Amino acid sequence: MNNKKRPHLLYLSHYLLGVRLDNWLRLLWRCRFRIRPSKIPEALFITLISLLLFPFAILEGLVCAIPLHRTKITKDPVFILGHWRSGTTYLQNLMSRDPQFDWFSPMNTAMFSNYVLLGWLLRDGVKSGIKDARPMDNVQYTMDLPMEETFALGNFTPFILDHLLAFPLVWEKYVPYVFVDELPPRQKRRYRRAYQHILKKKTMTGGGKRLVLKSPDNTAQTDMLRELYPDAKFVNIYRDPYAVVDSTVNMIKSQINLVTLTKLPDVDVDDLLEDMVIHRMTVPMYKKLIAEESTFKPHHFVSVKYEDFVTDPERYLRYIYQELELDGFEEALPRLRSFIAGQKSYQTNHHAIRPRLREKINQNLGFYFEHYGYEMVPGDPMKAVEGL
């Protein structure tokens, strides 16, 4: 997705295009309808589509109510944990080639409230919206590759961090949703019910297969996930903190540029994003995860280093399956090798980290460097990093 698309395709690219009407109005109310004038046509387009889809969303809810009630998740999911820009997408894309797993597709996420009844009609529109590379890298979205399940959650609730991309003017309303355990009790219950709902619906429509899921938010939500799914498996992929923090800041900037509907806060945006990523996301997320690592049941948690994984993905994927006691690796190996071979031409982005941001990382992420064995680079010289 990029800004070179024709206007109508840019509208199709917006992650809120299939948002359920009641949630759309809730999101607009939260920003007090302060839509940037240049974005009013896009907001009206989203409103029109939501209005048209809403009766069918209600009907789909009624049609699926009994089957959903009867659906049981008999195989707890495999959750891929990791910071934004740490390789979680590549790992999930690869594991999704194993036919024993199911996952959320672009249709399941963008049109979560309507994909059962209207998937056949909406598929071409969703396909048009995702056909180009992501704005922050060269990774392609396709209809047969996974998406983050939190986008399905954001279709009918305000409970996802990603809503700050569309509504950066009120970004502070969405950051807390990364840390579910810190929400007020009522919001926490609503979040848990909503999350269970999206997983049950996907299990129902996916034939009961085990889900392999990837949302960086889950890295801060392992308490909830283990309580809801006691036999879940967790793969933590970690990466050089200079690369992940810098790339995450650039990712948020590029995505806001693409999907924002409000003006930006009246502050230094670079400084705001750097502090938000470090202090409101990375530091508390990893202090929590590192403290919890020893509490996982045997064969339920494994960590891999991104730089090792991308060098020899087959070897480290085999290691993940062995450590988590997942069956089916040899049967899936031909498909896995085919996908790995198809990714060999992928080129990562190269850019230099800003000295100010590197100093912020050094000052706040010493515990991360120590735990994961990365070398801290002091001083002011520019250090080149690779993006995903």
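What you see is a predicted model; the values in this text were computed from it and never measured.
Ring pair F112/F156: centre-to-centre distance below 6.0 Å. Note: F234 and F301 fail the aromatic proximity criterion, with ring centroids not under 6.0 Å apart. Centroid-to-centroid, the aromatic rings of F369 and Y242 come within less than 6.0 Å. When ring centroids are compared, Y306 and Y90 stay outside the 6.0 Å threshold.
Remark: R356 engages E274 in a salt bridge, criterion side-chain N to carboxylate O under 4.0 Å. The pair K188-E182 fails the salt-bridge criterion, with no side-chain N (NZ, NE, NH1 or NH2) lying under 4.0 Å from an Asp/Glu carboxylate O. Note on R318 versus E330: salt bridge recorded, some NZ/NE/NH1/NH2 to OD/OE distance being below 4.0 Å.
With hydrogens and angles disregarded, a donor-acceptor distance shorter than 3.5 Å links the side chain of N250 to the backbone of D246. Checked by atom type and distance alone, the side chain of E42 never pairs as donor or acceptor with a backbone atom of L261 at under 3.5 Å. With hydrogens and angles ignored, the 3.5 Å screen pairs a side-chain donor or acceptor of K233 with a backbone N or O of L324. For the pair S247 (side chain) and V244 (backbone), a donor-acceptor distance under 3.5 Å is absent. The main-chain N or O of D124 is found under 3.5 Å from a side-chain atom of S128 such that the two form a donor-acceptor pair. For the pair T109 (side chain) and P106 (backbone), a donor-acceptor distance under 3.5 Å is present. N108 places a side-chain N or O within 3.5 Å of a backbone atom of S105 that can act as its donor or acceptor partner. Side-chain N or O atoms of T222 include none that pairs as donor or acceptor with a backbone N or O of N218 at under 3.5 Å. A side-chain donor-acceptor contact under 3.5 Å links N114 to the backbone of L53. Under a 3.5 Å cut-off, the side chain of S50 and the backbone N or O of V19 do form a donor-acceptor pair.
T262 meets the side-chain hydrogen bond (donor to acceptor under 3.5 Å, both in side chains) test with no other residue; sequence neighbours excluded. Residues satisfying the side chain to side chain contact (heavy atoms under 4.5 Å, CB included) criterion with P265, sequence neighbours excluded, are P168, W171, V267, L272. Residues that satisfy the salt bridge (charged side-chain N to carboxylate O under 4.0 Å, His left out) test with R123, not counting sequence neighbours, are absent from this structure. Residues passing the side-chain hydrogen bond (donor to acceptor under 3.5 Å, both in side chains) test with T157, sequence neighbours excluded: none. For D76, the side chain to side chain contact (heavy atoms under 4.5 Å, CB included) test picks out I73, Y229, P230, D231, A232, with sequence neighbours left out. Residues that satisfy the salt bridge (charged side-chain N to carboxylate O under 4.0 Å, His left out) test with D270, not counting sequence neighbours, are K253. Judged as a side chain to side chain contact (heavy atoms under 4.5 Å, CB included), and not counting sequence neighbours, the contacts of D308 are K305, Y316. Residues meeting the side-chain hydrogen bond (donor to acceptor under 3.5 Å, both in side chains) test with H371, sequence neighbours left out: E293. Residues passing the side-chain hydrogen bond (donor to acceptor under 3.5 Å, both in side chains) test with R34: none are found, sequence neighbours excluded. Listed by chain and residue number, nothing satisfies the salt bridge (charged side-chain N to carboxylate O under 4.0 Å, His left out) test with E325 (two or more places apart in sequence, or in another chain).
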Please table the atom pairs, donor to acceptor, closer than 3.5 Å between any side-chain atom in residues 59-69 and protein atoms at least two apart or in another chain.
| residue | atom | partner | partner atom | Å |
| --- | --- | --- | --- | --- |
| E60 | OE1 | V116 | N | 3.2 |
| E60 | OE1 | L117 | N | 3.0 |
| E60 | OE2 | V116 | N | 3.3 |
| E60 | OE2 | K201 | NZ | 2.6 |

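In summary, the side chains of Y319 and D312 do not present any donor paired with an acceptor at a separation below 3.5 Å, with no hydrogens or angles considered. Side-chain contact of D98 with Y321: a donor-acceptor pair under 3.5 Å is present, judged by distance alone.
When side chains are defined from C-beta on, K360 does not count as touching H279, because their heavy atoms never get closer than 4.5 Å.
Within 6.0 Å of the CZ atom in F329, the count of heavy atoms belonging to other residues, nucleotides or ligands exceeds 12. Heavy-atom neighbours of K288 NZ from other residues, nucleotides or ligands within 6.0 Å: above the threshold of 12. In E370, the CD atom is not crowded: 12 or fewer heavy atoms of neighbouring residues, nucleotides or ligands sit closer than 6.0 Å. Sparse packing is recorded around CZ of R335, with 12 or fewer heavy atoms of other residues, nucleotides or ligands lying under 6.0 Å away. In the displayed structure, D327 atom CG is contacted under 6.0 Å by at most 12 heavy atoms of other residues, nucleotides or ligands.
Remark: K209 is not positioned above the aromatic ring of F101, lacking an NZ or CZ atom under 6.0 angstrom from the ring centre and at most 45 degrees off the axis. Judged by a 6.0 Å distance limit and a 45° cone about the ring axis, R32 is positioned over the six-membered ring of W29. For R190 and F159, the positive end is not near the middle of the six-membered ring at less than 6.0 Å and at most 45° from its axis.
Closest non-hydrogen pair, Y195 versus L153, comes out as N-CD1, 3.8 Å. Residue T260 comes nearest to K39 through the heavy atom pair O-CE, 3.0 Å, listed as atom of the first residue, atom of the second, then distance.
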Stepwise, does the side-chain hydrogen bond (donor to acceptor under 3.5 Å, both in side chains) test hold for S86 with R239?
CA-CA 5 Å; S86 66; R239 189 184 181 195; over 6 Å; no
Pair Q221-Y191, side-chain hydrogen bond (donor to acceptor under 3.5 Å, both in side chains): steps then yes or no:
CA-CA 11 Å; Q221 299 173 6; Y191 187 103; 3.1 Å; yes
Side chain to side chain contact (heavy atoms under 4.5 Å, CB included) between F309 and L94, worked out:
CA-CA 11 Å; F309 183 79; L94 183 52; 3.8 Å; yes
When you look at R26 and N23, which way does the side-chain hydrogen bond (donor to acceptor under 3.5 Å, both in side chains) test go after all the steps?
CA-CA 5 Å; R26 188 182 301 117; N23 190 40; 3.0 Å; yes
Working note: D144 + T142, criterion side-chain hydrogen bond (donor to acceptor under 3.5 Å, both in side chains); need CA distance, chi angles, decisive distance, verdict.
CA-CA 5 Å; D144 66 342; T142 65; 2.6 Å; yes
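Taking Ile, Leu, Val, Met, Phe, Trp and Tyr as members and joining any whose side-chain heavy atoms lie under 4.5 Å apart, directly or through other members, the hydrophobic cluster of L52 also contains L48.
To the nearest 0.5 angstrom, L183 atom CG is 11.5 Å from R192 atom CZ. Rounding to the nearest 0.5 Å places NZ of K214 at 4.0 Å from OG1 of T88. In this structure, T205 OG1 and K200 NZ are separated by 13.0 Å, a value rounded to the nearest 0.5 Å. Between the CD atom of Q92 and the CZ atom of F79 there is a distance of 11.5 Å, given to the nearest 0.5 Å.
A side chain to side chain contact (heavy atoms under 4.5 Å, CB included) with W84 is found for exactly one of T219, T89, T282, L161, namely L161.
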